Amino acid sequence: MKFLLVFDFDHTIIDENSDTWIVKCAPEKKLPNGLRNSYRPGHWTEYMGRVFVYLGDNGVKEEEMKRTMTTIPFTAGMVDLLGFIGENKELFDCIIVSDSNTVFIDWILKAADLHKVFDEVFTNPAAFSSTGYLTVQNFHAHHCAKCPKNLCKRKVLKEFLEKQSERGVSYTQIVYIGDGGNDLCPVMFLKKDDIAMPRQGYTLEKKISRLAQDLSPVECSVLVWSSATEIMSYLKVLIKK
């Protein structure tokens, strides 16, 4: 029996938002107002598509983007945590479910030699076109009214668990580590033996607190973290049980 660790990426594994960090590559490190104001709630991926066109139009090349992205700091204690998970892969399956994109996550994890820790990465597919522009697509289509148009993390988690179950893999406990509003939907799917680990002071923690105040708390246990060292302490206790 194994534990399943589910990680968000932005503001969880890395201490920034990869999609807003890329703006450092733009002329004067900022976007024109018209582009900035073109974002519509729930349609972030389309917005990022326009950002990538703007960067391409301004001659920003793949090498420069990669150099910029690999300077993003990891969250405090995260490199040690991922190293610990990597040393105990017989006990942990580990996936990322993120609203970033395949190119950014790949660059960042490979530069830090951490990509082998993760069994699968579920995020928006991205690639460079023949003209050298970065393009991004929605991860999937779904019918969840609570989630952004391009990604329902609950659907991803549910389908992953079904696929694992067909392969004869079931988990003693799911540990979900995240920070954002779009992490609430998968957290609501967790059962009472599972644990949600929202990052302290971020949207997910606030939303879980609000549910508890409204007397409709999440079913799983909740453990708040501010440094990944706290997550590692919990996992060490978990594997000793």
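Just so it is clear, the structure is predicted and the values come from calculations on it, not from any experiment. Along the sequence shown, residues are numbered consecutively beginning with 1.
Between the side chains of Asp194 and Tyr176, not a single donor N or O lies within less than 3.5 Å of an accepting N or O. No hydrogens or angles considered: nothing links the side chains of Arg210 and Gln213 as a donor-acceptor pair under 3.5 Å. Of the N and O atoms on the side chains of Ser18 and Asp10, at least one donor lies less than 3.5 Å from an acceptor on the other residue. Side chain to side chain, Ser38 and Arg50 meet the donor-acceptor criterion of an N or O pair below 3.5 Å. Of the N and O atoms on the side chains of Ser100 and Ser98, not one donor lies less than 3.5 Å from an acceptor on the other residue. Of the N and O atoms on the side chains of Ser226 and Glu230, at least one donor lies less than 3.5 Å from an acceptor on the other residue.
Of all non-hydrogen atoms in Glu16 and Pro73, the two that sit nearest each other are CG-CD, 4.1 Å. Across every non-hydrogen atom of Asp80 and Met232, the tightest pair is O-SD, 3.8 Å. Taking all atoms of both residues into account, the shortest heavy-atom contact from Thr45 to Val136 is O-CG1, 3.7 Å. Of all the heavy atoms in Thr203 and Gly180, the pair that sits closest is CB-C, 4.2 Å. A pairwise comparison of heavy atoms in Tyr47 and Arg36 identifies OH-CA, 3.8 Å as the closest pair. Shown here for Cys94 and Leu4, the closest heavy-atom pair between the two residues is N-CD1, 4.5 Å.
Distance check: Leu114 CG to Ile108 CD1 gives 11.0 Å after rounding to the nearest 0.5 Å. The SG atom of Cys185 lies 8.5 Å from the NE2 atom of His142; values are rounded to the nearest 0.5 Å. Separating the CG atom in Asn101 from the OG1 atom in Thr123 is a distance of 6.0 Å, to the nearest 0.5 Å. In this structure, Leu55 CG and Met48 CE are separated by 7.5 Å, a value rounded to the nearest 0.5 Å. The SG atom of Cys152 sits 9.0 Å away from atom CD of Glu159, with the distance rounded to the nearest 0.5 Å. The CG atom of Leu109 lies 5.0 Å from the CD1 atom of Ile96; values are rounded to the nearest 0.5 Å.
In this pair, Trp44 and Tyr39 present their aromatic rings perpendicular. The plane angle is above 60°, beyond the 30 to 60° band. Taking the six-membered ring where the residue is Trp, Phe122 and Phe139 present perpendicular rings, their angle passing 60° and hence far from 30°.
In this structure, Asp99 and Asn150 have side chains that are in contact, with non-hydrogen atoms separated by less than 4.5 Å. Using a 4.5 Å cut-off on side-chain heavy atoms (C-beta onward), Thr12 and Thr75 make no contact. The shortest distance between side-chain heavy atoms of Val218 and Leu211 falls below 4.5 Å. The side-chain heavy atoms of Thr102 and Asn124, taken from C-beta on, include no pair separated by under 4.5 Å. Using a 4.5 Å cut-off on side-chain heavy atoms (C-beta onward), Glu205 and Arg199 make no contact. Side-chain atoms of Trp225 and Gln200, non-hydrogen and from C-beta on, never get closer than 4.5 Å to each other. Between Lys149 and Glu46 there is a side-chain heavy-atom pair separated by less than 4.5 Å. Phe104 has its side chain out of reach of Thr70: every pair of non-hydrogen atoms, C-beta onward, lies at least 4.5 Å apart.
Linking ILVMFWY side-chain heavy atoms closer than 4.5 Å, directly or via other members, places Phe52 and Val23 in a single hydrophobic cluster. A continuous path of ILVMFWY side-chain contacts below 4.5 Å connects Ile239 to Val117, so both sit in one hydrophobic cluster. Val222 and Leu5 are members of different hydrophobic clusters when ILVMFWY side chains are connected at heavy-atom separations under 4.5 Å. At a threshold of 4.5 Å between side-chain heavy atoms, the hydrophobic network of Ile, Leu, Val, Met, Phe, Trp and Tyr places Ile14 and Phe7 in one connected group. In this structure, Met69 is a member of the same hydrophobic cluster as Val103, with clusters built from ILVMFWY side-chain heavy atoms closer than 4.5 Å.
Between Lys153 and Asp8 there is a salt bridge, with a side-chain nitrogen of the basic residue lying less than 4.0 Å from a carboxylate oxygen of the acidic one. Salt bridge absent: Asp119 and Lys2 never bring a charged side-chain N and a carboxylate O closer than 4.0 Å. A salt bridge does not link Glu63 to Lys61: none of the charged side-chain nitrogens sits closer than 4.0 Å to a carboxylate oxygen.
The side chain to side chain contact (heavy atoms under 4.5 Å, CB included) search around Glu62 returns Trp107, Phe128, not counting sequence neighbours.
Counting only distance, with no hydrogens or angles, the side chain of Asn17 and the backbone of Asp19 share a donor-acceptor pair below 3.5 Å. A donor-acceptor contact shorter than 3.5 Å links the side chain of Asp183 to the backbone of Asp179.
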Discussion item. What verdict does the side-chain contact (heavy atoms from CB on, under 4.5 Å) test give for Phe92 and Leu235, after you've listed the backbone C-alpha separation in whole Å, the side-chain angles of each residue and the deciding distance to 0.1 Å?
Written reply: CA-CA 10 Å; Phe92 299 118; Leu235 296 184; 4.1 Å; yes

Practice prompt. Go through Val51 and Leu31 one step at a time and tell me if the side-chain contact (heavy atoms from CB on, under 4.5 Å) criterion holds.
Written response: CA-CA 8 Å; Val51 171; Leu31 300 174; 3.9 Å; yes

Discussion item. What verdict does the side-chain contact (heavy atoms from CB on, under 4.5 Å) test give for Leu91 and Leu238, after you've listed the backbone C-alpha separation in whole Å, the side-chain angles of each residue and the deciding distance to 0.1 Å?
Written reply: CA-CA 10 Å; Leu91 298 169; Leu238 196 60; over 6 Å; no

Fill in: Worked verdict on Lys24 versus Glu64 for salt bridge (Lys or Arg N to Asp or Glu O under 4.0 Å)
CA-CA 10 Å; Lys24 289 177 184 292; Glu64 188 189 339; over 6 Å; no

Discussion item. Evaluate Leu157 against Leu190 for side-chain contact (heavy atoms from CB on, under 4.5 Å), listing each step before the verdict.
Written reply: CA-CA 10 Å; Leu157 180 56; Leu190 300 178; 4.1 Å; yes

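By the neighbour-count criterion of 12 heavy atoms within 6.0 Å, atom NZ of Lys89 is densely surrounded, having more than that number from other residues, nucleotides or ligands. More than 12 heavy atoms of other residues, nucleotides or ligands shown are found within 6.0 angstrom of CD on Glu162.
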